[in-house]
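A short write-up of the structure that comes next.
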Amino acid sequence: MKILVLLKQTFDTEAKITIEGGKISRSGVSMIINAYDEFAVEEALKIKENLGGDVTVVSTGGDGVQDALRQALAMGADKAVLVDPGTDDVDEFTTATILAKAVSGLEYDLILAGWRAVDDGSAQVAGRVAEILGIPIAKLATKIDVEAGKATATCEIEGGTEVIEVPLPAIITAQKGLNEPRYPSMKGIMQAKKKPMDKKGLGDLGLDAGAVAAKVKVLSVSLPAARAAGKVFDGEPADTAAAVVKALREEAKVI
Amino acid sequence: MAKGIFVFAEVKDGKIKKVTYELLCAARKAANALGEEVCAVMAGKGVSGLAAALGEYGADKVFVAENDALDKFTTDAFTNVIGSILQEQQPSAFLLGFSIRGRDLAAQLAQRLGTGAASDCTNVEVENGQLVFTRPIYAGKAVVKVSIPEARPAIATIRPNVLPIDAPAAGKTAEVVAVSANAGDVRQVIKDIVLQVSSRPELTEADIIVSGGRGMKGPENFPLLEALADVVGAAVGASRAAVDAGWVPQSIQVGQTGKTVSPTLYIACGISGAIQHLAGMGSSKCIVAVNKDPEANIFKVADYGIVGDLFNVVPILTAEFKKILA
Ligand SMILES: Cc1cc2nc3c(=O)[nH]c(=O)nc-3n(C[C@H](O)[C@H](O)[C@H](O)COP(=O)(O)OP(=O)(O)OC[C@H]3O[C@@H](n4cnc5c(N)ncnc54)[C@H](O)[C@@H]3O)c2cc1C
Ligand SMILES: Cc1cc2nc3c(=O)[nH]c(=O)nc-3n(C[C@H](O)[C@H](O)[C@H](O)COP(=O)(O)OP(=O)(O)OC[C@H]3O[C@@H](n4cnc5c(N)ncnc54)[C@H](O)[C@@H]3O)c2cc1C
């Protein structure tokens with residue numbers, strides 16, 4: 001079973017956001033593997049452990065993304081591919097076009113991704129890649145079973161779950177609850193240093209800036225207005241609860 | 001030239017989802033400013049009876065695709081059918097809810113039509129003759145305004161429960177246009193559907209949410225929140241700590257790795273207010289926090305805070321709400 005994982009490096013969820021020169025600043029921000037992509041890596045490793053095969057992690061981004069890819073290699077992935085988009089002006093179309101092109105040069109039975117990136121997550125990239133490659137997709141999986149030629153995924157739907165079967169090759173996106181990602185072992189970290197990291201540019205994929213030009217234009221980036229401090233009631237529950245319910249009705253008018 | 005603001009009319013359990021009305025009202029305002037029509041697109045089996053009444057919320061026309069293959073939602077069938085309607089009608093914009101189905105279709109359709117899409121938007125405006133979308137990013141820690149200057153249709157998904165629903169124009173009907181629905185090759189086979197039975201509203205559409213965290217101490221105490229929820233007609237949510245402890249299902253987790261919600265009123269009980277939790281509920285209109293720690297971070301965002309033991313406070317809140325709602 002040849003499994004690919006689309007892996008995005010994102011801001012740490014604790015990161016404080018600052019804006020510099022009209023852009024979100026990366027300086028001083030620690031970067032992590034997107035939380036949902038960690039589930040995808042873990043699931044790929046589990047499938048490999050059951051069925052044999054190999055796991056390749058694929059990403060597009062700057063040179064710093066190697067850290068996230070190395071971490072996935074340390075968890076147990078076999079190879080990494082990193083494509084530098086050569087520009088900061090990227091949108092979901094750009095990212096998906098690059099990833100689909102990188103993937104189409106590889107052998108695969110199954111592609112796993114996160115359902116959304118936790119930073120500027122549009123929840124579009126995996127779906128777009130499936131469209132470009134012409135393969136089926138199942139989104140928001142909390143359980144995945146793979147057999148010869150097909151995958152069965154239990155997926156979140158509104159108000160419950162559904163079990164979806166798709167023929168392989170297919171893309172499946174990970175939702176929280178799929179698994180508990182492992183921590184890299186010391187041995188894994190050592191081995192990761194020697195595993196292949198294939199770095200490419202757009203030209204290596206037969207793409208150029210025009211072919212991946214963003215469709216979405218950013219007009220402005222700003223910080224949200226802070227919420228005004230509210231009222232805090234401290235005292236006997238009978239008084240505080242009654243005071244808040246009264247305020248909700250008479251002041252906030254929300255009930 | 002591409003013309004018309006199209007809206008995905010989402011039907012669930014034989015009813016129009018609330019976000020559809022939010023989309024139609026936003027589309028109506030934008031369309032008035034641009035001098036365009038508002039059209040809804042509806043797909044399913046046995047749904048056409050719902051179409052004409054969308055006129056009350058601003059739809060001029062509703063394209064309805066009905067077909068047995070659309071009985072259950074699948075990514076392929078809905079993408080194929082709606083994709084061909086959009087290819088034929090050439091609208092200038094297509095708006096969907098950032099619901100599970102809406103965002104699923106938005107991604108597929110945007111790529112199929114070779115266009116851009118703005119996800120999880122909290123506002124749509126017309127500036128200089130084009131649509132401008134506002135989207136919170138980095139879990140609400142930044143806000144970006146974007147446009148899709150050239151590619152058409154401009155696609156956007158809108159966060160449910162944020163945009164207002166205007167008073168319906170009673171009796172106004174939309175023109176209903178039946179279109180042929182070729183679901184094409186559907187590769188997702190639905191083997192089973194399991195629905196949780198709940199009389200409470202769906203989390204992302206609820207006007208009021210009562211949420212519990214680690215301070216609830218165990219699953220046996222959630223009925224305390226459910227009792228409060230039922231008095232005010234709320235949905236029940238939870239922090240990740242409560243979900244990871246196995247007290248409540250993942251599907252009700254609120255936060256950066258859970259649901260993003262924007263209710264009118266969010267009542268957080270025994271939740272400390274971690275940044276990743278705030279990411280999911282920070283856009284609530286009014287926040288109430290019950291926490292025994294006066295230093296808890298949740299009090300920094302709460303409009304009304306109650307310092308106290310939730311096991312004493314919540315039953316009294318329930319009783320007080322019952323009094324005023326009686
Ligand atoms: C205002 C704004 C400014 C931006 N500026 C920049 C910038 O300066 N530089 C920059 O690099 N980006 C920038 N971006 C981000 C860029 O738009 C996204 O990284 C890109 O479109 C991926 O989409 P997403 O994060 O929405 O992923 P989603 O669609 O939410 O991700 C879903 C899944 O797709 C896969 N995936 C997504 N992205 C990648 C990736 N890059 N590599 C591998 N797999 C991936 C992962 O499996 C992920 O879990 C900006 C975005 C915005 C909104
Ligand atoms: C990548 C990542 C993603 C995450 N995603 C999410 C997410 O989506 N959603 C989320 O919620 N968290 C998320 N988290 C976790 C988050 O960081 C916090 O750990 C979590 O929100 C804490 O939950 P809590 O507030 O219920 O628990 P705690 O932080 O333990 O707080 C419990 C609170 O209950 C109060 N309390 C205790 N007993 C009582 C009582 N009897 N009466 C009143 N108050 C009482 C305490 O004073 C305390 O403030 C994420 C973390 C990471 C790293």
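Excluded from the calculations below are hydrogen atoms, water molecules and symmetry mates; all remaining heavy atoms, backbone and side chain alike, are included. First the proteins, then the strands, lettered A, B, ... as listed; each starts at 1. On a predicted model such as this, the values are computed, not experimentally measured, just so you know.
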Chain B contacts, top residue of [options] (heavy-atom pairs, under 4.5 Å):
options                            : value
R116(A), K176(A), E236(A), E162(A) : K176(A)
A35(A), A242(A), G177(A)           : A242(A)
D91(A), V129(A), L248(A), T10(A)   : L248(A)
K16(A), K150(A), K231(A)           : K231(A)
A130(A), P136(A), G160(A), G230(A) : P136(A)
L223(A), I135(A), T152(A)          : I135(A)

Should the pair [X]-[Y] be classified as a salt bridge under the 4.0 Å nitrogen-to-oxygen rule?
X       : Y       : result
K259(B) : E156(A) : yes
D120(A) : R135(B) : no
K141(B) : D119(A) : no

Taking non-hydrogen atoms and a cut-off under 4.5 angstrom, which of residues 287-296 of chain B neighbour chain A? I287(B), V288(B)
What residue, out of [options], has the most heavy-atom pairs lying under 4.5 Å from chain A?
options                            : result
K323(B), E150(B), R240(B)          : R240(B)
T257(B), L325(B), T74(B), D207(B)  : T257(B)
A142(B), S147(B), G116(B), P136(B) : S147(B)
S284(B), A154(B), G233(B), A151(B) : S284(B)
I148(B), I306(B), I275(B)          : I306(B)

Heavy-atom contact with chain B under 4.5 Å, split by part of [X]:
X       : answer
V216(A) : both
K217(A) : both
E158(A) : both
I157(A) : both
R249(A) : side chain

Step by step, work out the side-chain contact (heavy atoms from CB on, under 4.5 Å) result for T115(B) and K215(A). CA-CA 6 Å; T115(B) 187; K215(A) 309 270 183 194; 5.5 Å; no
Considering all heavy atoms of both residues, which atom of [X] and which atom of [Y] are nearest to each other, and what is their separation?
X       : Y       : answer
A247(A) : Y304(B) : CB-CE2, 3.6 Å
T79(B)  : E131(A) : CG2-OE2, 3.9 Å
A107(B) : G127(A) : CB-CA, 4.3 Å
V146(B) : L219(A) : C-CD1, 4.0 Å
R187(B) : G134(A) : NH1-O, 3.0 Å
Y138(B) : I17(A)  : CD2-CD1, 3.6 Å

Nearest 0.5 angstrom please: [X] [atom1] to [Y] [atom2], how far?
X       : Y       : atom1 : atom2 : result
T154(A) : K191(B) : OG1   : NZ    : 12.5 Å
C155(A) : I193(B) : SG    : CD1   : 11.5 Å
T161(A) : D192(B) : OG1   : CG    : 7.5 Å
E320(B) : I255(A) : CD    : CD1   : 12.5 Å

Begin with the C-alpha distance, continue with both residues' side-chain angles, and end with the deciding distance and a verdict on side-chain contact (heavy atoms from CB on, under 4.5 Å) for I190(B) and I164(A). CA-CA 5 Å; I190(B) 311 281; I164(A) 303 178; 4.2 Å; yes
Test item: R227(A) side-chain N/O and G282(B) main-chain N/O as donor-acceptor pair under 3.5 Å: yes
Any side-chain heavy atom of L140(A) within less than 4.5 Å of one from I100(B)? yes
For the residue pair I324(B) and K246(A), establish whether any side-chain heavy-atom pair is separated by less than 4.5 Å. no
I would like to know whether I137(B) and I24(A) meet side-chain contact (heavy atoms from CB on, under 4.5 Å); could you show each step before the answer? CA-CA 10 Å; I137(B) 55 170; I24(A) 290 172; 3.6 Å; yes
Side-chain H-bond candidate by donor/acceptor type, E14(A) with Q276(B), under 3.5 Å: yes
In chain order, what residues pass the salt bridge (Lys or Arg N to Asp or Glu O under 4.0 Å) check against K145(B), with sequence neighbours excluded? E125(B), E127(B)
Is the number of heavy atoms from other residues, nucleotides or ligands under 6.0 Å of K285(B) NZ greater than 12? yes
Evaluate T157(B) against Q124(A) for side-chain contact (heavy atoms from CB on, under 4.5 Å), listing each step before the verdict. CA-CA 11 Å; T157(B) 49; Q124(A) 290 182 25; 5.9 Å; no
